[in-house]
Amino acid sequence: MDIKLWREILHPYEMAVDELTLKFNNIIKEYRTLGEYSPIEMVDGRVKKISSILEKCQKKGILLEEVCEKVDDIAGIRIICQFVEDIYKVVELINSRTDIRVVERKDYITNMKASGYRSYHMVIEYTIQTMKGPNVVKAEIQIRTLAMNFWATIEHSLQYKYRRNMPPHIRERLSAASAAIINLDAEMSRIRDEIMDSQNSFRIKANIITEILNLIQNLYKVANKREIIKIQDEFYRVYSHDDIIELEHFLTELDVLAEGYRAQGIEDQLI
Ligand code: 0O2
């Protein structure tokens, strides 16, 4: 197959990866805008390299004209979660979408691979709109925790280094590391509520501070300098107490003040 043809074959997959990555990132944004915990921590996407596609075809006896039909992971999306429980929430989320059709799933978390690999895989069909009309492409979504991802990334590099001849002592150590990852994930799940609470209050505090700073910035345009300096000093005083309730109270007061200026501005325009 010539390079030009490969480009044509891979282009729809690039479109699918771009769109799916954007959509999953928007889910994160939606949760965070609502001040809620997102079961998706981060998303990454890639189109398989031609060399890796060729290697897979050779390994599995796939003819080049069968590539799109038989290689499921030309488009790959990786979703990283903080906790194992989040993985199953993401699975539900994907199941419920109308723009994604799940055609296959493999739960390597409940059924860990002999290597020690753990992850939840879904093969999906996703429709992209091209100049020639709709085109359904397959993609593989891998969902795993940060810890599972750490293990898989290291193991993948070692697989690449040793090809099919990984020394037994390395294999054993990877197996032990995989067991440690299971314990780490379980321990993190046990203190999940505590972690989520602290992350939520951090996010809430950050949002309040952003709103306060935006209001102060707007007040610069309408209030006099002495008043602005007084507001700023008060903000630094409240901020130094590190108390969300106090910050919220300050934000409300600032809001009332800004509203007053807004009303005055409208009145001035009416006169
Ligand atoms: P790459 O370089 O990540 O793309 P197949 O992929 O067809 O050989 P199968 O059973 O059809 O195997 O699919 P499976 O088991 O769902 O695996 C697909 C992908 O999962 C792999 O793609 C890896 O990304 C990942 N994976 C599966 N097993 C392991 C493992 O033991 N260790 C690590 N690190 N990753 C694994 P590729 O094409 O093999 O690799």
Side-chain angles (χ1 to χ4, degrees), residues 9-31 36-49 52-53 55-57 59-60 62 66-129 134-153 155-156 159 178 181-182 185-186 188-189 192:
I9 289 178
L10 296 184
H11 185 63
Y13 293 97
E14 275 157 16
M15 281 176 75
V17 166
D18 284 351
E19 287 183 19
L20 287 164
T21 310
L22 181 74
K23 286 183 176 184
F24 286 117
N25 271 316
N26 279 339
I27 293 175
I28 301 179
K29 259 194 215 156
E30 220 179 318
Y31 273 105
E36 284 178 31
Y37 170 82
S38 165
I40 302 177
E41 180 62 19
M42 49 192 162
V43 186
D44 194 17
R46 64 99 183 97
V47 172
K48 213 174 176 74
K49 289 195 176 69
S52 304
I53 299 175
E55 210 175 300
K56 195 161 207 165
C57 288
K59 194 173 109 193
K60 297 199 152 191
I62 297 170
E66 300 173 321
V67 160
C68 299
E69 187 199 331
K70 295 198 173 161
V71 180
D72 294 337
D73 66 341
I74 297 180
I77 302 290
R78 190 164 291 155
I79 296 180
I80 308 294
C81 308
Q82 295 201 58
F83 304 100
V84 179
E85 295 82 347
D86 298 338
I87 294 177
Y88 294 97
K89 275 204 195 122
V90 175
V91 169
E92 281 314 306
L93 210 141
I94 294 172
N95 282 336
S96 67
R97 289 191 71 106
T98 51
D99 54 348
I100 290 174
R101 196 171 90 85
V102 180
V103 290
E104 199 186 329
R105 57 190 84 226
K106 290 179 197 163
D107 185 349
Y108 293 130
I109 299 167
T110 317
N111 305 302
M112 184 175 76
K113 278 200 161 185
S115 59
Y117 176 78
R118 287 160 69 237
S119 206
Y120 194 103
H121 290 193
M122 289 172 129
V123 177
I124 61 148
E125 279 177 356
Y126 179 77
T127 307
I128 51 151
Q129 303 296 329
N135 186 356
V136 179
V137 292
K138 275 189 186 173
E140 184 189 71
I141 305 181
Q142 299 182 343
I143 316 163
R144 48 171 86 143
T145 62
L146 287 157
M148 292 173 194
N149 191 48
F150 177 45
W151 184 93
T153 307
E155 198 259 3
H156 192 271
Q159 263 187 43
S178 171
I181 294 290
I182 296 178
D185 271 334
M188 287 303 177
S189 286
R192 181 173 193 262

If the condition is ring-ring contact (aromatic ring centres under 6.0 Å, His included), which residues does Y31 pass it with, not counting sequence neighbours? none

Do R118 and N111 pair up side chain to side chain, a donor and an acceptor below 3.5 Å, judged on atom types alone? no

Working for side chain to side chain contact (heavy atoms under 4.5 Å, CB included), residues E125 and V137: CA-CA 6 Å; E125 279 177 356; V137 292; over 6 Å; no

Less than 4.5 Å apart, side chain to side chain, heavy atoms only: is that true for N149 and R78? yes

If we only count heavy atoms from C-beta on, is the V102 to N95 side-chain gap below 4.5 Å? yes

Closest approach of A147 to I181 (non-hydrogen atoms, all atoms of both residues): O-CD1, 3.6 Å

Rounded distance (nearest 0.5 Å) linking atom CD of E92 with atom NZ of K89: 11.0 Å

With rounding to the nearest 0.5 angstrom, report the CD1 to CD1 distance, I74 to I53. 4.5 Å

We want to know whether S189 and E85 form a side-chain donor-acceptor pair, criterion being a heavy-atom distance below 3.5 angstrom. yes

Quick one: CZ on F83 to CG on D185, what's the gap to the nearest 0.5 Å? 9.5 Å

Closest contact, heavy atoms only, T21 versus G45: OG1-CA, 4.1 Å

Is any side-chain heavy atom of Q82 closer than 4.5 Å to one of M188? no

Restricting to side chain to side chain contact (heavy atoms under 4.5 Å, CB included), what partner residues turn up for D73, sequence neighbours left out? R46, K48, K56, V71, E140

Apply side chain to side chain contact (heavy atoms under 4.5 Å, CB included) to Q142 and I79, showing your working. CA-CA 6 Å; Q142 299 182 343; I79 296 180; over 6 Å; no

Salt bridge or not between D72 and K138? Use side-chain N to carboxylate O under 4.0 Å. yes

Using side-chain heavy atoms (C-beta onward) and a distance below 4.5 Å, is V43 in contact with I77? yes

Minimal non-hydrogen separation, T110 against D107, with atom names: OG1-OD2, 2.6 Å

Might you confirm whether atom OH of Y37 has over 12 heavy atoms from other residues, nucleotides or ligands at distances under 6.0 Å? yes

Side chain to side chain contact (heavy atoms under 4.5 Å, CB included) between V84 and M148, intermediate numbers included: CA-CA 9 Å; V84 179; M148 292 173 194; 4.0 Å; yes

Taking the side chain as every heavy atom from C-beta outward, state whether Y120 and R105 have any atom pair closer than 4.5 Å. yes

Given the rule in the side chain to side chain contact (heavy atoms under 4.5 Å, CB included) test, do D86 and I40 qualify, once you have shown the distances and angles that lead to the verdict? CA-CA 7 Å; D86 298 338; I40 302 177; over 6 Å; no

Quick one, C81 and E41 - any side-chain contact, counting heavy atoms below 4.5 Å? no

With a 4.5 Å limit on heavy-atom distance, are the side chains of Y88 and I143 in contact? no

So for atom CD, which belongs to E30, do other residues, nucleotides or ligands contribute more than 12 heavy atoms lying within a distance under 6.0 Å? no

T127 versus D99: any side-chain heavy-atom pair under 4.5 Å? no

Assign the ring pair Y117 / W151 to parallel, tilted or perpendicular, where the plane angle (0 to 90°) is split at 30° and 60°. tilted

Please report the interatomic distance OG1(T145) to CZ(F150), rounded to the nearest 0.5 Å. 11.5 Å

Rounded to the nearest 0.5 Å, what's the gap from CD1 on I27 to OG on S38? Could you check? 8.0 Å

How long is the straight-line distance from CG of L20 back to CD1 of I124, given to the nearest 0.5 Å? 5.0 Å

Could you tell me if N135 and Y126 have a donor-acceptor pair between their side chains, going purely by distance under 3.5 Å? no

